[in-house]
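Here the structure is laid out as structure tokens; the discussion comes afterwards.
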Amino acid sequence: PSKINLKDYQKPSFDVETVHLDIKLFEDYAQVNSTLKMVRQTTGDIVLFGESLELLSIIMNDKALTSEHYQQEDGKLTIYEAPDEVILDIQVRISPQTNTALEGLYMAGSGDDTMFVTQCEPEGFRKITFYPDRPDVLAIFTTRLEADKRYPTLLANGNLVEAGEVADAPERHYAIWQDPTNKPSYLFACVIADLDVLTDSYTTSEGRDVLLEVYAKSADIDKCDVGMQALKDAMRWDEVNYGRAYDLDRYMIVAVSQFNMGAMENKGLNIFNTACVLSSPETTTDARSFSVKAIIAHEYFHNWTGNRITCRDWFQLCLKEGFTVYRDQSFSADQQSSAVQRIDDVATLRAHQFAEDAGPLAHPVRPESFVEINNFYTTTVYEKGAEIVRMIANTLGPDDFRKGTDEYFRRYDGQAVTVEDFLSALSITDDKIEDFIDWYRQPGTPVVSGSQTYDSAAQTLTITLNQQTRHVKGFDAPKPLPIPVATALFDKDSGAIVAERMLLLDEATQTFVFENVASEPVVSLLRDFSAPVQLNYDYQDADLAFLLKHETNGFNRWQVTQMLVNRILLQSQGAKSSPEVYLEALAQTLPVLAADDAMLAARLLDIPSAQELASAIPQDYDPVLVKEQRDGLYQQVADKLKDQWATLYNDLPMQSYEDSAQARGIRALRNVVLDMALTANVEGAADWAQQQYDHASCMTERFGALKAMVNHQLPKANDYLTDFYKRFQANDLVIDLWFSVQAAADDVTPVVIKSLIAHTDFDWNTPNRVRSVIGAFSSQPTVLWTAEGLKMYTDVIKKLDDANPVLASRLLQVLARWNTLAEPRRQMAHEQLTDLRKNVASKHVLESLESV
Ligand code: HT7
Ligand code: ZN
């Protein structure tokens with residue numbers, strides 16, 4: 001498959017001023033008629049994209065075109081010799097009923113329970129009709145939808161201008177929607193369904209009354225309040241923090257159970273995976289519910305960062321995604337403890353993005369070439385992209401960052417722009433900000449190493465830092481990047497901070513001198529994770545234990561525990577710590593913290609996942625060894641505090657459900673303590689689990705208990721799994737949990753996975769269900785990286801390759817680090833992946849296998 005390069009970008013020859021789209025849905029096809037008003041911008045032919053379309057006719061300025069006027073090849077329709085102003089009428093037929101790829105217009109559900117929805121980002125609109133389907137072509141859309149009255153809900157972007165019955169077809173009806181804002185085709189959406197709606201309203205800071213609607217199946221409409229509240233919170237937050245108000249009279253959210261990703265920010269008509277919008281205490285864990293709020297906010301924030309200012313081309317994806325993730329993380333930090341928010345964001349970054357940057361699929365935050373853009377909705381583009389914006393925001397400080405974002409919105413509103421445009425607006429108060437462009441261009445995670453010397457006579461502390469980034473094949477030799485290193489010096493006697501500075505490391509090696517330092521301090525570096533780098537500092541274990549006690553913010557304390565754990569677990573990588581200091585420091589800290597900040601206490605017990613540890617092992621990764629070491633340390637922690645688990649558990653009594661940060665913290669810690677107690681074989685802990693399940697006030701308690709029972713293989717685990725299934729049989733999202741707890745169980749085998757796949761509730765056409773089994777299974781590297789595990793996993797990819805290549809390719813990413821495995825697993829993986837390559841056809845999967 002051919003590559004598309006950033007350097008080849010060319011402006012479109014024609015702009016589209018208006019689009020009239022008429023979609024008529026019938027029993028086994030849809031007829032799509034479009035009228036485009038196009039105006040020439042530069043020389044060249046009209047280029048329209050189209051895939052899986054049956055072309056019925058094209059009329060240009062009232063003249064029917066025949067094959068001598070245009071050429072159709074490789075998904076492109078090129079019309080020759082077009083005049084400067086053109087009205088194109090295009091008629092096509094599509095088949096949403098058989099569209100399993102979930103791009104374009106597709107049918108979700110089955111039997112009597114179906115609905116039709118669209119997914120157009122990045123290149124799905126071309127599966128609805130021929131169109132210049134690229135983000136730099138902005139147009140005004142009018143959409144007419146027509147369908148059987150069995151589907152009473154007819155929605156599209158913008159405002160409803162007309163609705164009624166279809167003449168001569170009393171069983172059919174129609175609706176016409178008009179979107180007053182100029183938008184690229186990837187933000188088009190429509191829905192044809194039978195849904196209930198939860199309604200509310202919001203008055204913007206500019207005085208606009210906005211109708212808010214969340215659409216869901218009638219059985220789910222009672223799970224929409226959390227999302228609705230989050231939407232209103234997000235609207236207010238964007239006004240206060242970025243001065244951005246909503247610009248239409250209506251904001252709609254639609255819940256769909258078959259969806260490739262989390263949610264989609266279509267203008268005024270967001271479409272959401274049910275898993276990312278529905279929430280109720282009985283059916284949704286706290287963690288999930290919290291992410292529902294974050295995703296609602298994320299999609300809402302796109303209205304300014306993505307929709308009103310969009311991307312010139314798909315290479316600029318991080319322009320909207322990195323900035324919007326930064327915005328949703330900041331929003332979430334205002335909704336809970338900001339330390340815990342930062343912990344969770346950094347843990348995700350380290351586990352997934354650092355792994356990606358260390359492997360063969362490493363790419364810059366702004367890639368320079370791709371075969372299939374769907375493969376670049378990655379953690380590098382999203383999460384590392386957000387970290388760059390965070391570094392810029394912290395370098396500027398809140399006032400200048402706000403001046404910069406105000407300038408960005410002022411300058412580029414209504415346009416399709418680039419990362420350079422973004423940096424140029426943000427640098428109005430400080431032109432050094434433009435230097436951050438290299439972060440967008442260079443792949444690989446920088447490693448910052450350092451040491452300190454103290455001169456007691458001069459009373460100076462000198463910190464020497466250097467940076468190194470691995471040279472990723474196919475890219476230029478890495479350059480030093482601007483790395484903000486937030487630093488504090490702690491007095492060893494009092495534990496107080498004696499100096500605080502943001503060091504800017506922007507050369508390969510640099511020294512930083514602190515004057516008037518009365519005695520050698522303990523240095524805390526990269527506070528709040530001020531840059532997305534790996535840090536190797538010349539610490540003694542005692543220094544880290546000291547910091548765990550004295551660091552002033554929760555994130556930094558957690559970071560210290562993670563450094564200690566990494567030094568214990570990554571011995572084979574030259575790490576050098578024994579567990580005693582860590583265990584002792586934890587034993588002292590935990591009981592105090594548990595009473596003070598339960599959520600933070602729960603996080604302090606985190607031990608990085610096997611995947612995260614693996615990402616720090618550049619070669620000869622042995623999954624069995626890593627798991628043994630990880631489990632061994634977990635056991636040591638459990639044993640060390642064995643006498644305390646009962647007290648801790650009992651001090652966290654179950655109460656009636658409450659959705660406060662404190663109550664969520666208590667529930668999180670209780671689940672961690674329960675698991676620890678079972679690990680340490682504390683007497684009676686199995687009963688605690690059963691009691692917790694039986695008397696649960698919410699899903700966090702019930703599922704926490706079930707998971708502990710399954711992972712510790714308690715004799716009653718199967719009975720409880722059966723009970724859980726029976727209780728929640730009617731709720732797909734809870735049944736996803738039921739599948740995932742078994743597929744991710746510590747003792748899972750390929751046989752168990754096969755039996756889950758054979759279950760009557762398993763469905764290859766529902767990505768949530770596939771992920772609940774296959775995705776969950778991939779979290780067990782010791783089973784995944786076996787001949788049988790790999791065979792099963794690659795067979796799944798083969799199966800999905802044709803039906804849903806986006807999903808197939810995303811699942812495949814997990815195998816990307818096969819080449820770092822120790823033999824014989826490496827060879828085994830190579831064979832399976834080579835075989836896979838011979839048996840797949842989609843460019844999505846083929847591109848992901850390029851390095852095999
Ligand atoms: N902008 C969206 C990214 C996206 C997507 C969403 C749902 C299904 C397919 C998709 N392809 C790309 C989601 C977001 O980042 O907000
Ligand atoms: Zn997004």
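For ligands, and for the atoms within them, numbers begin at 1 and follow the listed sequence.
- Counted by atom type alone, S848 and Q813 present one or more donor-acceptor pairs between their side chains at under 3.5 Å.
- Below 4.0 Å from some heavy atom of E265 lie the following atoms of ligand 1, by number and element: 1 (N), 2 (C), 13 (C), 14 (C), 16 (O).
- Per-residue contacts place K320 under 4.0 angstrom from the following atoms of ligand 1 (heavy atoms of the residue considered): 1 (N).
- Atoms of ligand 1 lying under 4.0 Å from any heavy atom of M264, numbered from 1 in the order shown and given with element: 1 (N), 2 (C).
- Of all atoms in ligand 1, listed by their number and element, those nearer than 4.0 Å to a heavy atom of E321 are 1 (N), 14 (C), 15 (O).
- Counting only distance, with no hydrogens or angles, the side chain of Y377 and the backbone of L317 share no donor-acceptor pair below 3.5 Å.
- Relative orientation of the Y246 and Y300 rings is tilted, given thresholds of 30° and 60° on the angle between their planes.
- From the protein, the heavy atom lying nearest to atom 1 (N) of ligand 1 is E121 OE1, 2.5 Å.
- When ring centroids are compared, Y242 and F301 stay outside the 6.0 Å threshold.
- Protein heavy atom closest to atom 13 (C) of ligand 1, with residue, atom name and distance, is A263 O, 3.0 Å.
- Proximity to Y377 (heavy-atom distance under 4.0 Å) selects the following atoms of ligand 1: 3 (C), 4 (C), 12 (C).
- With respect to the Zn ion (ligand 2), E321 has OE1 as its nearest N, O or S atom.
- Note that R327 lies in the cation-pi zone of F323, set by a 6.0 Å cut-off to the ring centre and a 45° limit from the axis.
- The protein heavy atom nearest to atom 8 (C) of ligand 1 is Q119 CD, 3.3 Å.
- The closest heavy-atom contact to atom 12 (C) of ligand 1, among the options H298, M261, E299, H302, comes from M261.
- Using a 4.0 Å cut-off between a side-chain N of Lys or Arg and a carboxylate O of Asp or Glu, D113 and K217 qualify as a salt bridge.
- A donor-acceptor pair is defined here as one N or O able to donate and one able to accept, closer than 3.5 Å; no such pair exists between the side chain of S280 and the backbone of K223.
- Protein heavy atom at the shortest distance from atom 14 (C) of ligand 1 is Y382 OH, 3.5 Å.
- Using a 4.0 Å cutoff on heavy atoms, E103 does not count as a contact of ligand 1.
- The Zn ion (ligand 2) is the vertex of the angle joining NE2 of H302 and NE2 of H298, which measures 100° to the nearest 10°.
- A side-chain donor-acceptor contact under 3.5 Å links D136 and Y9.
- When each of N765, N768, N804 is checked for a side chain to side chain contact (heavy atoms under 4.5 Å, CB included) with Q258, only N765 meets the rule.
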